[in-house]
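Here is the naming used below: chain letters follow the sequence lines, and residue numbers restart at 1 for every chain.
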Number of protein chains: 2
Amino acid sequence: MAEHGYHHGALRQALLSAAADVIGEHGAGALSLRELARRAGVSHAAPQHHFGDKAGLLTAFAEEGFARLADALAPAGDDLLELGVAYVRFALGHPAHFQVMFVPALYRTGDPGVAAARKRSWEALTRGVERQRGGDTADGARKHDLEDAVVAAWSIAHGYASLCLSGALPAGAAGDVDRAARAVLGRLTGQPG
Amino acid sequence: MAEHGYHHGALRQALLSAAADVIGEHGAGALSLRELARRAGVSHAAPQHHFGDKAGLLTAFAEEGFARLADALAPAGDDLLELGVAYVRFALGHPAHFQVMFVPALYRTGDPGVAAARKRSWEALTRGVERQRGGDTADGARKHDLEDAVVAAWSIAHGYASLCLSGALPAGAAGDVDRAARAVLGRLTGQPG
DNA sequence: GCGGGATCTTGACACTGACAAGATACGGTG
DNA sequence: CACCGTATCTTGTCAGTGTCAAGATCCCGC
């Protein structure tokens with residue numbers, strides 16, 4: 001599985017994996033195709049064949065992220081609070097992916113693969129809100145209201161995750177992710193304490 | 001005020017201003033000191049005298065951002081909803097600053113100036129939550145609860161702003177920022193419609 | 001009016017992303 | 001098995017960038 005002379009065998013995945021390490025440690029700005037090639041033990045231009053250019057690599061990286069997010073959200077079913085907790089857990093568990101996914105300047109957001117994976121995630125979120133609100137979304141007014149509710153739920157989960165990752169929060173949340181996330185996200189769904 | 005032969009006169013501010021343009025258009029990753037120098041009409045190494053290195057420039061840029069955020073939050077007083085709206089309005093009105101401020105890998109987050117400006121912003125946010133909850137924060141349990149409430153409020157405002165900027169939201173919010181923000185942020189403070 | 005420090009320039013070096021052309025390995029076809 | 005086409009990887013090159021070092025120019029206080 002390694003040490004082939006010429007062909008690496010699984011270079012594409014190796015590069016994506018190395019990218020997660022680098023971005024997680026030093027941020028997306030410090031990412032270098034040549035550094036990834038070095039880590040994978042191939043020549044400096046090898047990545048180009050698989051991804052075309054840097055944006056191509058990050059596009060694949062973002063797609064991988066959205067796919068994993070949708071997978072991480074699935075077990076939560078349609079329980080809104082659990083969806084939020086799963087969202088936060090994904091962000092803190094895959095900081096590099098999360099970081100890239102929401103910076104459109106880094107990759108080609110219109111890429112079909114990315115769009116499909118992103119749609120899966122959005123649908124998982126929407127399902128949770130629909131269920132919590134009773135499920136009747138027939139008339140326009142209620143539909144508009146539903147969208148606001150989805151955005152609100154997504155916002156608080158996304159914002160909490162972002163603030164955690166950016167180190168802006170006054171520590172605390174470090175150890176017990178789920179509990180802290182629940183305490184914050186619970187504010188939205190009703191239970192105040 | 002311009003066209004000096006050797007001395008630019010206000011290079012530092014000109015560079016920060018140019019940085020806002022570039023980052024706003026092409027993202028922080030596309031920022032180039034040489035490009036900034038070109039836009040300011042100075043030589044390629046001129047920025048170094050004012051900022052030392054790229055991280056130095058972005059540190060100054062982030063500090064400017066936090067200072068402007070604190071200023072933008074001040075008029076909202078201690079009205080929690082208005083604070084949230086002001087926060088979102090700042091983010092959408094200063095996308096470049098907002099984008100840099102919350103990516104610690106880009107600059108020196110420990111810089112004294114940055115820390116001070118950030119503290120001002122945090123205090124403005126906390127004030128709003130304290131007032132909405134009645135003001136009694138004496139005993140420990142309630143204090144802990146207060147912190148959760150601050151984080152929740154900050155999270156939803158920050159998350160909504162981030163999602164808007166990342167283009168992840170299904171359009172809509174574009175035209176009427178204040179209304180859309182109010183509809184979303186209102187979910188947290190109680191009024192459901 | 002002059003000296004010193006702040007401001008800017010010029011020149012250089014290593015590193016990066018991208019391109020082009022060539023080398024090597026793999027898989028199917030005869 | 002021999003062969004060829006293609007996917008994969010390499011080597012070489014170029015412009016652009018960040019950073020450093022040394023020098024030029026300007027402004028202010030004395």
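- The interatomic distance linking A/Leu11 (CG) with C/dC26 (P) rounds to 15 Å, in whole Å.
- Base contact: A/His44 has a heavy atom under 4.0 Å from a base atom.
- Contact of B/Arg12 with C/dT7 (side chain to base): no donor-acceptor pair of N or O atoms is detected under 3.5 Å.
- The pair A/Asp53-A/Arg108 meets the salt-bridge criterion, with a side-chain N (NZ, NE, NH1 or NH2) lying under 4.0 Å from an Asp/Glu carboxylate O.
- Shown are B/Phe61, B/Tyr107, B/Phe66; of these, the ring pair (Phe, Tyr, Trp, His ring centres under 6.0 Å) with B/His97 is made only by B/Phe61.
- Between B/Ser32 and D/dG18 there is a side-chain polar atom (N or O) within less than 4.0 angstrom of OP1 or OP2.
- Looking at heavy-atom distances under 4.0 Å, B/Gln48 makes contact with a base.
- Using a cutoff of 4.0 Å between basic side-chain nitrogens and carboxylate oxygens, A/Arg68 and A/Glu63 are not scored as salt-bridged.
- For C/dC8, the OP1/OP2 oxygens have no side-chain nitrogen or oxygen of B/His49 closer than 4.0 Å.
- Using cut-offs of 30° and 60° on the angle between ring planes, the pair B/His158 and B/Phe102 is perpendicular.
- In this structure, the CZ atom of B/Phe51 is 16 Å from the C1' atom of D/dT19, given to the nearest Å.
- If you check every strand for non-hydrogen atoms under 4.0 Å, A/Leu36 touches nothing.
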